[in-house]
Amino acid sequence: MNVINKIPGPLLIFMGALSLSFGGLIVKKFEGSTEWQILFWRSLFFTLTVLTFLIITYKKKTLSSFYKSGLPGFFGGIVLSFGFCGYVYAMSNTSVANTNFIISLQILFLAIFGYLFLKEKISTITLVSIILAITGVTLMVGNDLRPGNLSGNLAAFTMPITFAVLIMIVRKFPTVDMIPAQFVAGVSSCLIGLSVCIYYSHSLMVSPNDIFLGFLAGFFQVGFGFIFITIGARSTPSAMVGVIMLSESVLGPFWAFLFAGERASLFTLIGGAIILFAVLLQFSSLLLSNKKEKIIN
C-alpha cells in the first residue's frame, strides 16, 4: 500500500487504464459463456483480489476499514457494480471499439461533475485536451455505431456515468479509503450475475478456459485497474483523470485488433490519434506545472 501511494497519481491512473484496456479482448475470448456467467466469474475473482489486497494492507484491521469507509464507500461500491454489469453486457453485444469509445465519454461527466459539485476549475490546456478528445471520440463513434448494436451501445453508457460518480466520491472524500468500495462493487455485481443466471436457469459451471479468463479479468484487468485508479484519483484533478483514462479507449481496440482480429476503420485510427495527442498534451501540462512548483518552492 505504501509503495503504491508513493507513485504519482496521474501515473497510477494510466497504469489502471492500461489494465482495464484488456477487458474487451478477454471478454471476446470466452467460449460460449453468457454475459451473466462472465459477469459472475469476473466479479468473483475481482472480489477475492480486492479482499486479498485489503487483508495484506490492513491485516487485523480489515473489518474496521469497511466501517471507516462508511456510506461513501458503500454507495460508491453499489454505483460501480452497475457499471461492471453494463461493461460486460456491452462487450458481449457490441464491438470492443464501440464500448471503449463510449466509455471515453467519461471525460465529459468528470469535467462537468467536478465543476458543479467540487468547484474544480478547468485549465485552458485541459479544456483544449477535452475538446480534442471529444472530437476524436465523435469521429470514431459517429462512423462506427450500428443499429444492431444498440443495446450494447446503450449499456456501455453506464460505465462513464458510474465511473464519474465514483471519482467524484473519491475527490469529495480524499481521506476515505475507497478500496473497500471495490469489494462492495464486486460482491454486488457477483450477486447480480448469479441472480440472472438463476432466473434464466443458466448453470454457473463453464469451461476451464472460461474460468481462467474470468480469473484474468477479475484479478489483473479489473482488480489492478480499479485499485490503481481509486488510489491515483485522490491526488489527481477530475478532468485530468478523464483525459488520461482516454488511453484505455485507444489501447482496448488495439489489443482486440492484435489478438482477436477486430479491425478498426480509418476513422477509428484518426480519432485514436487525436485522443492520444490530447493525452500527451495533458501529460505535458502536468510536467510543466510540476516544474513551476519546484521553481517556486
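The two residues Thr49 and Gly223 come nearest to each other via the heavy atoms CG2-CA, 4.2 Å. Ala260 and Leu25 get closest at one heavy-atom pair: CB-CD1, 3.9 Å. Lys68 and Val176 get closest at one heavy-atom pair: O-CG1, 4.1 Å.
Looking at heavy atoms from C-beta onward, Leu44 lies in side-chain contact with Trp41 at the 4.5 angstrom threshold. Between Leu110 and Met245 the shortest side-chain heavy-atom distance does not fall below 4.5 Å. Here the side chains of Leu54 and Phe66 are in contact, with some heavy-atom distance below 4.5 Å. Pro72 is not listed as a side-chain neighbour of Lys172, based on a closest heavy-atom distance of 4.5 Å or more. Contact annotation: the side chain of Tyr89 approaches that of Ser151 to within less than 4.5 Å [non-hydrogen atoms, C-beta and beyond]. Between Phe183 and Thr47 the shortest side-chain heavy-atom distance falls below 4.5 Å.
Counting only distance, with no hydrogens or angles, the side chain of Thr230 and the backbone of Ile227 share no donor-acceptor pair below 3.5 Å.
Ring planes of Phe220 and Phe224: tilted class, angle from 30 to 60°.
Phe45 has its ring centre no less than 6.0 Å from the ring centre of Phe219. Ring-centre distance between Phe84 and Phe226: below the 6.0 Å cut-off.
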Run the side-chain donor-acceptor check on residues 249-259: report pairs under 3.5 Å with partners two or more places apart or on a different chain.
from, atom 1, to, atom 2, distance (Å)
Ser249, OG, Asn100, O, 2.8
Trp255, NE1, Ser21, OG, 2.8

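The other members of the hydrophobic cluster of Phe74, by chain and number, are Ile78, Phe82, Val184 (side-chain heavy atoms under 4.5 Å, ILVMFWY only).
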What's the verdict on side chain to side chain donor-acceptor pair (under 3.5 Å) for Asp210 and Ser33, showing C-alpha distance, side-chain angles and the deciding distance?
CA-CA 7 Å; Asp210 286 5; Ser33 296; 2.4 Å; yes
Decide side-chain contact (heavy atoms from CB on, under 4.5 Å) for Glu31 and Leu213; before the verdict, give the C-alpha distance in whole Å, the side-chain angles of both, and the deciding distance to 0.1 Å.
CA-CA 10 Å; Glu31 298 176 343; Leu213 290 175; 5.9 Å; no
